[in-house]
Amino acid sequence: MTRSAPSPPGARLAAVLREMKTRTGLSLAQLADATTFSKSSWQRYLNGGSLPPRSAVVELCRLAGEPADHPLALLDIARTDRTSHGTEPPAAEPPVPPGVPAGRGTGGRAETSAPSPATAPADTTASGTAPTAPDPADPTPDHPAPPRRTTLLTALAALLALVLGGLVLLHLPAHHREQAQAAPTPTASTTGPLCRHRSCQGEDPLTTRCGADPLTLAEHETATGAWIQIRYNPVCGASWARMWGAAMGDRVEFRAGGTPGQVHGARVTNRAEADTYVHTLMSVVDLRTSLQACFIPAAGGPKECFGAVAGVATAGTAR
């Protein structure tokens, strides 16, 4: 079966990935050994046969010593283009069993999920054969149970330690007892967004991690072929707009709630931004806040606007 040619965004991403691979100086087999993806998977990613998962792009950029922002932006654009044209992603490869080096053998490694228990390969020994089940008639088990007396002594020792701890706590002075009972519990997250609600106003969605997993409330394709999306992160309580496929000088404006002070804009100022995307700063919003994004083409022409409501995903319509 002949594989269809990659879309223009997919071909652009594949070219960047090939350039990254060249910078690593690794062959396909070495690249597979250095990452969690098989040789056959990398062949497809590098020739544009399929879009890679984000983790594959991050691993390749790490090996090349380059930031992943640009390739990840190209990946987002290629995925959006694939969705808008109704093409389906290729089926994922079967996972490589544990103990088999990546890039070896004929099977690929699963890219997005682990196999289910019903289809997971059986455990094997170092020689590659299934382990022999223990004989039910064998009077000597592999893991003999501990003697009954030892178990009883262990339980008594644990009970005694618990009683002594309670007595010590009971006889502490009042202020020491309060300090002992009020054990601190960490609440701050080290992986989530770096701002919440009011502190997100006017901030960048990427540097604050609000752009890590946002919702797309609405999107619109302009008359020039550029795309604009209205994005929203409910954890951050903030929204913004992003634009890609635009020409140099094209501009996007984003307004939240109709307040003049909450209008943010972004303009394509260089080739890298034209090849990837630009985004506005964030505006703090509440549920049901009206949102609007507008496209202003550099070549002249009518201003194209569309809207959405915070927390409600709808199809964008130009007006």
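Sequence positions, counted from 1, serve as the residue numbers for this chain.
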Review point. Just wondering, do Leu60 and Leu17 contact through their side chains at under 4.5 Å, heavy atoms?
Key: yes
Check your understanding: Are any of the side-chain nitrogens in Arg54 or Asp76 under 4.0 Å away from the carboxylate oxygens of its partner?
Key -> yes
Check your understanding: Is the Trp227 ring parallel, tilted or perpendicular to the Trp244 ring (thresholds 30°, 60°)?
Key -> parallel
Practice item. Measure SG to SG for Cys236 and Cys210 and state whether it is below 2.5 Å. Key: yes
Review point. What closest approach, in Å, do Val235 and Arg196 show between heavy atoms, and which atom pair accounts for it?
Key: O-CD, 3.3 Å
Review point. Rounded to the nearest 0.5 Å, what separation is found between the SG atom of Cys305 and the CD1 atom of Ile228?
Key: 8.5 Å
Practice item. Can you see which heavy atom on Ala246 is nearest to which on Ala274, and at what distance? Key: O-CB, 3.8 Å
Exercise for review: For the pair Arg267 (side chain) and Gly249 (backbone), establish whether a donor and an acceptor sit closer than 3.5 Å, ignoring hydrogens and angles.
Suggested key: yes
Check your understanding: Are Gln201 and Leu281 close enough that some pair of their side-chain heavy atoms sits under 4.5 Å apart?
Key -> no
Exercise for review: Using a 4.5 Å cut-off on heavy atoms from C-beta on, say whether the side chain of Thr216 contacts that of Tyr232.
Suggested key: no
Review point. Does Pro214 reach the side chain of Trp240, with side-chain heavy atoms less than 4.5 Å apart?
Key: yes
Check your understanding: When the ring planes of His279 and Tyr277 are compared, do they come out parallel, tilted or perpendicular, using 30° and 60° as the limits?
Key -> tilted
Point to revise | Transitive ILVMFWY side-chain link Leu26 to Tyr45, under 4.5 Å | key: yes
Review point. Can Leu46 be reached from Val58 by stepping across I, L, V, M, F, W or Y side chains whose heavy atoms are under 4.5 Å apart?
Key: yes
Review point. If you group Ile, Leu, Val, Met, Phe, Trp and Tyr by side-chain heavy-atom gaps below 4.5 Å, do Met243 and Met248 land in one group?
Key: yes
Review point. Once you round to the nearest 0.5 Å, how far does OG1 of Thr276 lie from CG of Leu75?
Key: 13.0 Å
Review point. How many angstroms lie between OG1 in Thr280 and CD1 in Ile230, if you round to the nearest 0.5 Å?
Key: 9.5 Å
Check your understanding: Quick one: does Glu253's side chain get under 4.5 Å of His264's, heavy atoms only?
Key -> no
Exercise for review: Decide yes or no for His220 and Gln229: does some side-chain heavy atom of the first lie under 4.5 Å from some side-chain heavy atom of the second?
Suggested key: no
